[in-house]
Chemist: 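Before I ask anything, let me first share the structure, which is written out below as structure tokens.
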Amino acid sequence: MSQPFRTEKGGRINRTEQLTFTFDGEELQGHQGDTLASALLANGVHLVGRSFKYHRPRGIVTSGSEEPNALVGIYRHGDQTPNLRATQVELYQGLEAISQNRFPSLGFDVGAVNDLLSPLFPAGFYYKTFMWPKAFWDRVYEPVIRAAAGLGKPPKTPDQDTYGNIYAHCDVLIAGSGPAGLAAALAASETGAKVILCDEQSEFGGSLLSEVSASIDGKDPSEWIAETINKLEQMDNVTLLPRTTAFGYFAHNYLALAERVTEHLPNPDPKLPRERLWQVRAKEVVIASGAIERPMIFPENDRPGIMLAEAGRTYLNRYGVKVGHKVLVAAACDTAWQTAFDLADHGVEVAGIVDLRETPPENLMAIAKARGIRVEAGCMVTGTLGRKRVKAALLGRMMTSGNVASGGQISCDALLMSGGWTPTVSLYSQSRGKVVWDSDKGAYIPGASVQRERSAGASKGLYGLQEVLEDGYAAGEEAAKAAIGKSAKVSYATATGGEAGTGGTLGALPHDRNASRVKAFVDYQNDVTAKDVKLAVREGMQSIEHIKRYTTTGMATDQGRLSNMNALQIASDSLDRPVTDVGLTTFRLPYTPTTFGLFAGVARGDYFDPVRKTPSHDWVVENGGVFEDVGQWKRTWYFPKNGEDMHAAVARECKTVRESVGLFDASTLGKIEVVGPDAAEFLERLYTNPWKKLAPGRCRYGLLLNDAGFITDDGVIGRLAEDRFHVTTTTGGAPSVFATMEDYLQTEWPELDVWITSTTEQYAVAALQGPKARDVLAPFMEGVDLSADALPHMSVKEATFCGVPCRLFRISFTGELGFEINVSRRHGKMMWETLAKEIEKFGGTAYGTESMHVLRAEKGYIIVGQDTDGTVTPQDAGMSWAIGKKKADFVGKRGLDRPDLVADNRKQFVGLLTKDPKVKLEEGAQITTAENPAIGTPADGHVTSSYFSPALDRSIALAIVKNGHALEGKTLYVPMPDGSIPVEVTGPVFYDKEGARLNV
Amino acid sequence: MSDLMASDLITPDAGEPPLLSINEVSILKAAPLTRLSLRLREASLKAAGSAFGVDLPVLPLSSATADKRAALWMGPDEWTLFAPENTSQSVVSDIEGKLGAEPHSLVDVSERSEAIIVSGQRAAWLLNTGIFVDFSIDTFPVGTVSRTIFHKSPVMVWRIGDEAFVVEAWVSFMDYVSGLLVQSASELSAA
Amino acid sequence: MLLVYCPYCKVERAETEFSCRGEAHIARPSDPSQTSDEDWVHYLYMRSNTKGIYAERWRHIHGCGRFFNAVRDTVSDNFLKFYKAGEPMPDLEALAKEAGK
Amino acid sequence: MKRYSFLELAKNAFSAHQNWGRQWRNPEPKSEYDVVIVGAGGHGLATAYYLAKEHGVRNIAVVEKGWLGGGNTGRNTTIVRSNYLWEESAGLYNHAIDLWQGLSQELNYNVMYSARGVMMLAHTVHDVQVSQRHIHANRLAGVQNEWLSPEAAKEYCPPLNISKNIRYPVMGAALQRVGGTARHDAVAWGYARGADALGVDILQNCAVTGIRRDQNGAVEGVETAKGFIKAKKVGVVAAGHTSVVMEMAGVRLPLESYPLQALVSEPVKPAFPCVVMSNTIHAYISQSDKGELVIGAGTDQFISYSQTGGIHISNHTIDAICELFPHFRRMRMLRNWGGIVDVTPDRSPILSKTPVPGLYVNCGWGTGGFKATPGSGHVFAHTIAKDEPHPINAAFTIDRFRTGRLIDEAAAAAVAH
Ligand SMILES: Cc1cc2nc3c(=O)[nH]c(=O)nc-3n(C[C@H](O)[C@H](O)[C@H](O)COP(=O)(O)OP(=O)(O)OC[C@H]3O[C@@H](n4cnc5c(N)ncnc54)[C@H](O)[C@@H]3O)c2cc1C
Ligand SMILES: NC(=O)c1ccc[n+]([C@@H]2O[C@H](COP(=O)([O-])OP(=O)(O)OC[C@H]3O[C@@H](n4cnc5c(N)ncnc54)[C@H](O)[C@@H]3O)[C@@H](O)[C@H]2O)c1
Ligand SMILES: Cc1cc2nc3c(=O)[nH]c(=O)nc-3n(C[C@H](O)[C@H](O)[C@H](O)COP(=O)(O)O)c2cc1C
Ligand SMILES: [Zn+2]
């Protein structure tokens, strides 16, 4: 028979729409409007998973997002998403679900042997064992533990879905759409305030969706919900977000919501994101997150078929599902009785109501009696039978002695329990509010507001429908008033029925069983029992934080929403201290587990980080260039021709530059225009070098330190006019140099009349380097005399290139005659293509960063960040010449005088030549004085740059070596795994030491 | 305020196909224009404004426009000046001529950034997929201009109409900005 | 993500538009050459790192570019005051009292 | 102290685990101790343990404002490695690695030190250079560290995405095989139990509120929530709160305390065999024995004592994780939390005497001190007992910031984690 546990009528499911789905391969039927859980229950399936540690058979316990047991994998696109709650998964045609943490099958799981061995596995057992033999931990114990642990299987293939993001601002954000949230939304929206109402469920209404015995304004709750939603939908100022969980409450009323956009659809349009992250800045927040029911802690309280009473009621009234044919209700409070009554009204046999209380309320007794329901007062469940589904409950009765006496046994196929209610204070706590203990309610409720929020309804411990509604309206009004200063009159709906219940219990129930033989579960998923909590306390764990971490209670995927209060009470009893003294663990985000993809959002592939390209990019791609990532930039690394490897390409490129001409894209270098009457004074204070006497039209190499005295950046600076400099920086250093300049300008020297503007992207820069550079350039230039006299090395002129304005620098980072042409970015492509074509005539080549590195290393020019590492001073780098000797101060000057910076034995910048010219050192290799240093010998330095030099036809290297400047001519060693490499210390300049090639 | 207040300066680039064109929103590349970064002290405000042809706005995040001119407040001593393409030299000489020795800095940044025009009923929504700024018309009225962050890229947003925005980014970031906007808009055409 | 008010732009914006630059009112010694090593290390590195009310520097790096100062409670992360660079350090105790700390 | 073993566990199973003793006492403070350690994190507890065990000092209190192990020790991503650049650092962290290897046996407490390997990815030419420099320096220092090609990296860590088409392709990785993880709580508890057994009083819920000094400026003792406690020597090991505690003695330090966040996914079956770190795109990940992916994020940009941080920090970490491991995109975050990390300008710790006689400080571990716990406690105990540093921590003074003799792990582009 299909869906044997479906009621005849009622519920919010669409009975005319039949859906087929599978669970562990078995085909089953459900209806539109079902969750996977309700559909499974309709088919009589309670056993849905295995527990974490003992692999005990487990069934559905709740009907909401707090579900600890019914975690399943859902297949889509050939892969599965693990650990989804069956209670939240909306049913669609063709849904494929699998159970988890069992092998080979749910019904027969070998892991269940753990249950038999459980006496060996109390809380924290692993801290006490697996220590011998030592080597077994990595090889045996840990792999076994790891394989046994974990719930579902992780996805195996990259996620095909996309995730969206939206930033939103609103006046009032309402989290939760039960009667409190709906009333708040009505009241707040009426003022014109911008309202966002979200609820994690597929439909708005919260607990009202399963309420059939109360009425609001004389209407069925479902009718009132429909009218309310209809009203809210009409309003422009209201955003309704179903399937949206408020999962994080951050500082400054910043909240994060996860909207599930397509998960519930059988064939979603791939253009839609699977989920969307809402990052909302709300002026005011109303937390209307309701309350959840608490399980009771009795032995074997974890069998499939044992559920929360309210969940039983929800399955019945909302989903049209009977959780059993013969249902026992065990409670310590009133609300569970209503479940029994509703079940009875649907013709379900109620095996009895077992109430812990000696004298349950008269009116309930009367109703039960009228329906012929057996009531056992002053009675509790002391155990259950049935492995894969509960078969019967053992009853106990509290004696005046304080002991429990057996009260017989009742058979049933479902057992509904209720230990009372726990307000959902997660979001309030995340907002950094401190909950307070309400002893009347036996619950923690929100205390004072720390941020601009208020709780309403059951989330603050109000339970009567009428008072919840009133509270909701008031909260909405108050929030709107606080946000926009306006209030509006809304008429409050009035409810009849739905009165607040009384009663409740916390902690483990007493029983007459052998305590050491039975398990009463506190945290279902993590298999934490009452015994475990007590053991932790016995072992000295006195803080609830220690108890949590030692037993892992509250650390499962429901984050203790079902278990925390009971664990706390058990700890409190064991410690003999009031609950309030034991403390409470911290509520953290996310409210429910939240998809990584949601956080990552659009940041993937090319959009993981901006890809910054220079104007030569397309040309480089067409010409087979290879790129490297430098920060966010793509720079050309080298240009292999005819199957060359990097080594061959670089050798050819270098050789060509030295013999003829090379073209290099220098656009990524940072460029800053420093303008104003005090421009020179500013640079004087910032850079080590003197600037005031630099004539317009000339350039100088600038060295920048931090105030500690270490080199942070360098670059050529050209003076364009008295009051205007063109500063260049390293590619990676551009933003930080700019920020440093602004910092000194704005906060140290605001009196200076000078401003800086980033022009990095205003210009495209082509470097032409090599003896033929002038010949290549000349045909395109106008307005400038390129001769050595008119435009000597280290000068700058404004001119035109192919008719477009340019800044022409005569500078060189290769040691050859060189020009850097800056044209506006738009003309960069034209410039590059023009020059690339022209150099062909001279047998020239385009070259990349690798050749640039080799060429400059042959000349001993440093690269900040490669040859320096933040610990190198100008003196260390052999650049004392760059320090303006007469300057009273510059950034870093004072730092340079500190004891260690003037001490002997500093590491200094030198060249190294291997004795064997064919041997190229490895960059980063260490340098020692001893040929075969013992392990632990401190190094004297390291190789910072190392290349094969085509110009010298041998290897060269640059290094930082202790007292290096004094060691020229000496032999040092580079110890490598297969022996030491002897090297001779030299000056850092290997090629054209006199610089003759520059000045042509 | 007119709907497209700066329409004579910010125009779609006729040579470029639309990056996106659906009912709810369109994204068009804007034609090139002259952009200057002007920095000066309060004393020189008036002179600079009259030389440029529009008073420099002093209200934070505001802009001022005149025929073929726009001045955008970027900071307390910083303005971006917009003028038609290829007029940079004349604008510069007008301003430099007027300011003379008064301390200031005028730098041509015409090519540093590119602009796109994002307009349509869902334009603000689309920007909010990557920008945390309240674009409701009361808090970000037409004429408001602001630098901000779009996902991982710095941008500048200038509202030129109720449902029209100019979004500028440094050139090397524009592929990222426009690409992501187009991608995020794709759900608008989902079934 | 904090919301930071820029006293120049006069708007509250997301923290991601700003960069935080550490403790405020640590002046660079006016004559470094006359500053002892001990004093220099205090300028370079020593920080109050206060638990509680703290004056710190921010820059509206993706906005107007200005540096300014803010007083923040480093426990609650709430801002108590924003003021422009160059303005004197406010009376932190008075601010704390005002904020009911 | 009852020794732990499988046999003992089996025996206790028969008595329903009723007879296990306390792992540590909950004593009332004595009026005077030879040494008071402020802060019962891993480092403080280890210091007390080694003081008692190796230096014969038995009259020790560890004073803790909350619950032991509740600071950064209880909230870190548990990455253990020693392949730091400078000899001083490598020496210090490798000392810890040596102790980690036998720590479970030493403490008779299974700290689950799991040498599954720590792989640090290189994504740029510069990264490769930096990694190589580390590897060479480490080899000379006797610290295991090796270079892997992208293919070898994938073989070691199959989930790794080494496609050339990702935004920052993996160009290789440095692998330290002896690196791995350990169970953070067990480290604190193991040391607490060990110290307690040697007579150390661990005083929880007892915040230090003042440091009393005599006329000569020397330490006399500490004011606490439970009254004044006299002490000959005081060692401050308060991590994120060090500035606050040292301020009580008038000592200013080069420290800033930032929020550092971490998060775990829901538990899943084994999916990740080792530890992977990427400093360039800011991602740190491993899988715990329980099955959660443990992921470390970056610090927020401002100082804060709130133990929380911004969502944009998590976003950036998770986007990096998903870029490297795209099939984790459908995994879900279970819990996200923050610690307060005390960061020095050179990203190296301070283990040092102070200008105040009798006052010692162990701090500045920033984002990466869990791995050093045993070594740090060991040498700090020496420093306190002998009133002079152990050779291993001699360089980690406060004075280095004055002289400029920094141990700059940050400058060398190796973000400590
Ligand atoms: C999210 C995160 C991830 C990390 N990941 C790693 C990692 O992967 N690998 C790694 O090696 N390191 C990591 N770290 C760093 C590491 O956690 C710390 O360096 C290390 O745990 C510090 O240990 P501790 O004992 O010094 O400090 P803590 O454990 O913080 O102990 C300090 C103790 O001092 C107490 N205290 C403070 N003030 C007082 C007072 N006035 N009176 C009494 N007691 C006081 C505190 O309550 C605290 O218990 C991480 C840190 C964080 C936050
Ligand atoms: N009679 C009793 O003793 C008793 C006890 C408990 C509850 N109740 C009844 O429960 C109702 C309480 O109304 P209410 O409105 O306060 O709560 P509710 O339970 O009706 O609604 C709370 C809603 O908030 C949603 N929610 C919770 N956290 C969320 C989050 N982080 N993000 C998004 N959505 C979230 C839930 O899905 C739910 O729909 C009343 O009808 C009351 O009568 C009665
Ligand atoms: C390595 C590691 C693994 C953790 N695993 C879990 C976990 O499985 N479940 C869980 O709820 N919390 C887990 N936590 C987080 C703790 O619950 C807690 O958030 C953290 O110790 C910080 O404490 P607090 O949140 O109470 O401030 C883990 C923490 C660490 C450091
Ligand atoms: Zn601003």
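Note on naming: letters A, B, ... go to the chains in the order of the sequence lines (proteins, then strands), and numbering restarts at 1 for each one.
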Chemist: Could you tell me whether the side chain of D/K11 and the main chain of D/F6 form a donor-acceptor pair under 3.5 Å?
Modeler: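 Checked: no pair found.
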
Chemist: For this output row, return yes or no: ring centroids of A/F247 and A/F599 closer than 6.0 angstrom.
Modeler: yes

Chemist: Answer yes when D/R332 and D/E266 have at least one side-chain N-carboxylate O distance shorter than 4.0 Å, and no when they do not.
Modeler: yes

Chemist: Is A/Q542 reaching over with its side chain to a backbone N or O of A/L575, donor-acceptor style, under 3.5 angstrom?
Modeler: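 The answer is no, because no donor-acceptor pair under 3.5 Å joins these two groups.
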
Chemist: I'd like to verify something: which residue of A/S118, A/P154, A/G709, A/P119 has the highest number of heavy-atom pairs under 4.5 Å with chain D?
Modeler: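 Heavy-atom pair counts peak at A/P154.
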
Chemist: Quick one: what part of A/R517 sits under 4.5 Å from any heavy atom of chain D, side chain, backbone, both or neither?
Modeler: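 Contact with chain D: none, neither part.
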
Chemist: Measure from the side-chain N and O atoms of A/R898 to the backbone N and O of A/A708, and report whether any donor-acceptor pair falls under 3.5 Å.
Modeler: yes

Chemist: Out of A/D79, A/L84, A/V974, which one racks up the most heavy-atom pairs below 4.5 Å with chain D?
Modeler: A/L84

Chemist: Can you tell me which portion of A/F121 sits under 4.5 Å from chain D's heavy atoms? Options are side chain, backbone, both or neither.
Modeler: neither

Chemist: Chain A heavy atoms under 4.5 Å from D/Q18: which part of the residue, side chain, backbone, both or neither?
Modeler: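 Both backbone and side chain.
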
Chemist: At a heavy-atom separation under 4.5 Å, does A/T157 approach chain D through its side chain, its backbone, both, or neither?
Modeler: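 For A/T157, the backbone is the part near chain D, not the side chain.
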
Chemist: Between D/Q307 and chain A, with a heavy-atom cut-off of 4.5 Å, which part of the residue counts as in contact: side chain, backbone, both or neither?
Modeler: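 Both backbone and side chain.
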
Chemist: Using only atom types and a distance under 3.5 Å, with no angle test, would you say the side chain of A/R538 pairs donor to acceptor with the backbone of D/N19?
Modeler: no

Chemist: So what's closer than 4.5 Å to chain A heavy atoms on D/Y113: side chain, backbone, both or neither?
Modeler: backbone

Chemist: Where on A/I863 is there a heavy atom nearer than 4.5 Å to chain D: the side chain, the backbone, both, or neither?
Modeler: neither

Chemist: Answer with side chain, backbone, both or neither: which region of D/E323 has an atom nearer than 4.5 Å to a non-hydrogen atom of chain A?
Modeler: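 Side chain only.
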
Chemist: Counting only heavy atoms closer than 4.5 Å, note whether A/K156 contacts chain D via side chain, backbone, both or neither.
Modeler: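 A/K156 touches chain D through backbone heavy atoms alone.
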
Chemist: Tell me, for D/I295 versus chain A, whether the close heavy atoms (under 4.5 Å) come from the side chain, the backbone, both or neither.
Modeler: side chain

Chemist: Below 4.5 Å from any heavy atom of chain A, which atoms of D/R183 appear? Answer side chain, backbone, both or neither.
Modeler: side chain

Chemist: Select one option (side chain, backbone, both, neither) describing which atoms of D/R116 are under 4.5 Å from chain A's heavy atoms.
Modeler: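 It is the side chain, since no backbone atom gets that close.
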
Chemist: Under 6.0 Å from the six-membered ring centre of D/W147 and within 45° of its axis: does the NZ or CZ of D/R133 meet both?
Modeler: no

Chemist: Check A/D900 with A/R906, please: is the shortest side-chain N to carboxylate O separation under 4.0 Å?
Modeler: yes

Chemist: Can a salt bridge be assigned to the pair D/R329 and A/D161 using a cut-off of 4.0 Å between side-chain N and carboxylate O?
Modeler: no

Chemist: Tell me whether the count of non-hydrogen atoms from other residues, nucleotides or ligands lying under 6.0 Å of CG in A/D581 goes above 12.
Modeler: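 Result for CG/A/D581: enclosed.
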
Chemist: Given a strict heavy-atom distance threshold of 4.5 Å, which part of D/P158 is in contact with chain A: side chain, backbone, both, or neither?
Modeler: neither

Chemist: Which bit of A/D138 is near chain D, if near means a heavy-atom gap under 4.5 Å: side chain, backbone, both or neither?
Modeler: side chain

Chemist: For this output row, return yes or no: ring centroids of D/Y4 and D/W20 closer than 6.0 angstrom.
Modeler: yes

Chemist: Report which part of D/L7 has an atom under 4.5 Å of a heavy atom belonging to chain A: side chain, backbone, both, or neither.
Modeler: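 Answer is neither: D/L7 stays 4.5 Å or more from chain A.
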
